*Asks:* 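First, the structure itself, so that you have it in front of you.
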Amino acid sequence: MSAIEARLAELGISLPQPVAPVANYVPFVRTGNQVFLSGQVSIGPDGLVAGTLGDDMDLEAGQAAARLCGINLIAQMKAACEGDLERVKRVVRLGGFVAAAPSFTDIPKVVNGCSDLMVDVFGDKGRHARSAVSCPVLPLGAAVEVDAVFEIA
């Protein structure tokens with residue numbers, strides 16, 4: 001078992017099968033030593049986590065939804081690396097999108113659910129640049145969506 005797989009097990013994370021695209025795009029594109037991952041929505045073993053932060057969801061629920069996005073990103077990354085997460089050299093960037101009411105301003109705190117996971121799993125290699133923005137609605141009614149850029153060996 002690789003160090004990354006051991007760390008996932010330590011955290012109690014079992015990676016799901018990568019989610020199939022729901023429109024005309026691919027889940028990831030490798031170019032050179034970078035992998036661009038398409039946005040992953042907040043879906044977990046119990047289905048889609050839908051909602052609007054500041055309306056029918058609170059900060060903690062949003063962070064949990066963002067963490068699910070991170071788990072889905074790692075699952076896609078594993079597929080992009082032919083099953084070998086040890087190839088990850090760096091999480092370069094995350095782009096977080098949060099469905100939020102106009103008065104909800106803790107968008108960065110929501111996306112921390114994903115950012116914290118990347119550091120928990122990859123250590124210093126998981127530290128990244130990031131954007132975090134709100135929008136009125138996300139695909140399928142998801143609460144959170146996050147895309148990513150990784151560097152691989």
Side-chain angles (χ1 to χ4, degrees), residues 1-53 57 60-100 107-108 110-135 137-153:
M1 176 183 293
S2 76
I4 298 298
E5 296 285 346
R7 184 65 183 140
L8 287 166
E10 239 177 72
L11 293 168
I13 296 171
S14 178
L15 293 179
Q17 284 298 114
V19 178
V22 297
N24 188 16
Y25 63 91
V26 294
F28 60 84
V29 171
R30 286 186 297 195
T31 181
N33 65 344
Q34 290 190 322
V35 178
F36 292 78
L37 296 169
S38 295
Q40 299 296 301
V41 296
S42 49
I43 189 166
D46 298 326
L48 181 71
V49 176
T52 303
L53 276 291
M57 288 184 79
E60 292 75 24
Q63 290 170 328
R67 181 179 170 86
L68 288 174
C69 295
I71 291 169
N72 291 324
L73 285 167
I74 295 169
Q76 290 291 359
M77 194 61 218
K78 185 173 181 179
C81 289
E82 293 93 25
D84 184 9
L85 286 169
E86 293 300 321
R87 291 181 60 195
V88 172
K89 290 178 68 175
R90 182 83 195 238
V91 180
V92 177
R93 181 186 179 282
L94 297 180
F97 303 88
V98 178
I107 307 308
V110 170
V111 181
N112 281 347
C114 185
S115 291
D116 293 347
L117 176 68
M118 293 301 161
V119 175
D120 287 346
V121 172
F122 296 104
D124 281 340
K125 296 186 299 186
R127 298 193 185 282
H128 52 272
R130 186 183 88 179
S131 59
V133 298
S134 70
C135 51
V137 67
L138 287 168
L140 308 175
V144 182
E145 180 176 357
V146 183
D147 62 21
V149 179
F150 281 66
E151 180 184 5
I152 59 171

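Please read these numbers as outputs of a predicted model, since none were measured by experiment.
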*Asks:* Quick one: side-chain contact (heavy atoms from CB on, under 4.5 Å) partners of A79, sequence neighbours excluded?
*Replies:* P18, F28
*Asks:* If you take all heavy atoms of V88 and F150, which pair is closest and at what distance?
*Replies:* CG1-CD2, 3.8 Å
*Asks:* So, using side-chain contact (heavy atoms from CB on, under 4.5 Å) as the criterion, who are the partners of C114 when residues are at least two apart?
*Replies:* A66, L73, L94, M118, V146
*Asks:* Specify the closest pair of heavy atoms between V144 and A65, including all atoms of both residues, with the distance to one decimal.
*Replies:* CG2-CB, 3.8 Å
*Asks:* Working note: V121 + V91, criterion side-chain contact (heavy atoms from CB on, under 4.5 Å); need CA distance, chi angles, decisive distance, verdict.
*Replies:* CA-CA 11 Å; V121 172; V91 180; over 6 Å; no
*Asks:* The criterion is salt bridge (charged side-chain N to carboxylate O under 4.0 Å, His left out); which residues satisfy it with E86, sequence neighbours excluded?
*Replies:* none
*Asks:* Is a donor on one side and an acceptor on the other found under 3.5 Å between the side chain of S42 and the backbone of A142?
*Replies:* no
*Asks:* Write out all pairs satisfying side-chain hydrogen bond (donor to acceptor under 3.5 Å, both in side chains) with one or both partners inside residues 5-15, taking only residues at least two apart or from two chains.
*Replies:* E5-K78, R7-E10
*Asks:* Side chains of N112 and R130: is there a donor and an acceptor less than 3.5 Å apart?
*Replies:* yes
*Asks:* Quick one, V19 and I43 - any side-chain contact, counting heavy atoms below 4.5 Å?
*Replies:* yes
*Asks:* Nearest 0.5 Å, what's the CD1-CZ distance between I74 and F122?
*Replies:* 4.5 Å
*Asks:* Applying side-chain hydrogen bond (donor to acceptor under 3.5 Å, both in side chains) as the test, list every pair that has at least one member in residues 20-32; sequence neighbours left out.
*Replies:* R30-E82
*Asks:* Scan residues 111-124 for pairs that pass salt bridge (Lys or Arg N to Asp or Glu O under 4.0 Å), counting only residues two or more places apart or in two chains.
*Replies:* D124-R127
*Asks:* Output every pair passing salt bridge (Lys or Arg N to Asp or Glu O under 4.0 Å) with a member in residues 137-150, not counting sequence neighbours, ordered by first then second residue.
*Replies:* R93-D147
*Asks:* How close do P27 and Q76 get, heavy atom to heavy atom, and via which atoms?
*Replies:* CB-OE1, 3.3 Å
*Asks:* Residues in salt bridge (charged side-chain N to carboxylate O under 4.0 Å, His left out) with K89, at least two apart?
*Replies:* E151
*Asks:* Could you work out, with salt bridge (charged side-chain N to carboxylate O under 4.0 Å, His left out) as the rule, every residue matching D46, not counting sequence neighbours?
*Replies:* none
*Asks:* One pair to check against side-chain contact (heavy atoms from CB on, under 4.5 Å): V49 and M57. What are the steps and the verdict?
*Replies:* CA-CA 10 Å; V49 176; M57 288 184 79; 3.9 Å; yes
*Asks:* Can you list the residues that meet the side-chain contact (heavy atoms from CB on, under 4.5 Å) rule with P16, with sequence neighbours excluded?
*Replies:* I71, N72, A75
*Asks:* List for me each residue that meets side-chain contact (heavy atoms from CB on, under 4.5 Å) alongside A64, sequence neighbours excluded, and say none if there are none.
*Replies:* none
*Asks:* Between P108 and A132, which heavy-atom pair has the shortest distance, and what is it?
*Replies:* CA-CB, 4.1 Å
*Asks:* Hey, does V22 have a side-chain heavy atom less than 4.5 Å from the side chain of P139?
*Replies:* no
*Asks:* Not counting sequence neighbours, list each pair that qualifies as a salt bridge (Lys or Arg N to Asp or Glu O under 4.0 Å) and has a residue in residues 17-26.
*Replies:* none
*Asks:* Return the minimal non-hydrogen interatomic distance between T52 and A100, and the atom names on each side.
*Replies:* CG2-C, 3.5 Å
*Asks:* Would you compute the distance between atom SG of C135 and atom CD1 of I107 and round it to the nearest 0.5 angstrom?
*Replies:* 8.5 Å
*Asks:* Which heavy-atom pair separates M77 from V35 by the least distance, and what is that distance?
*Replies:* CE-CG2, 3.7 Å
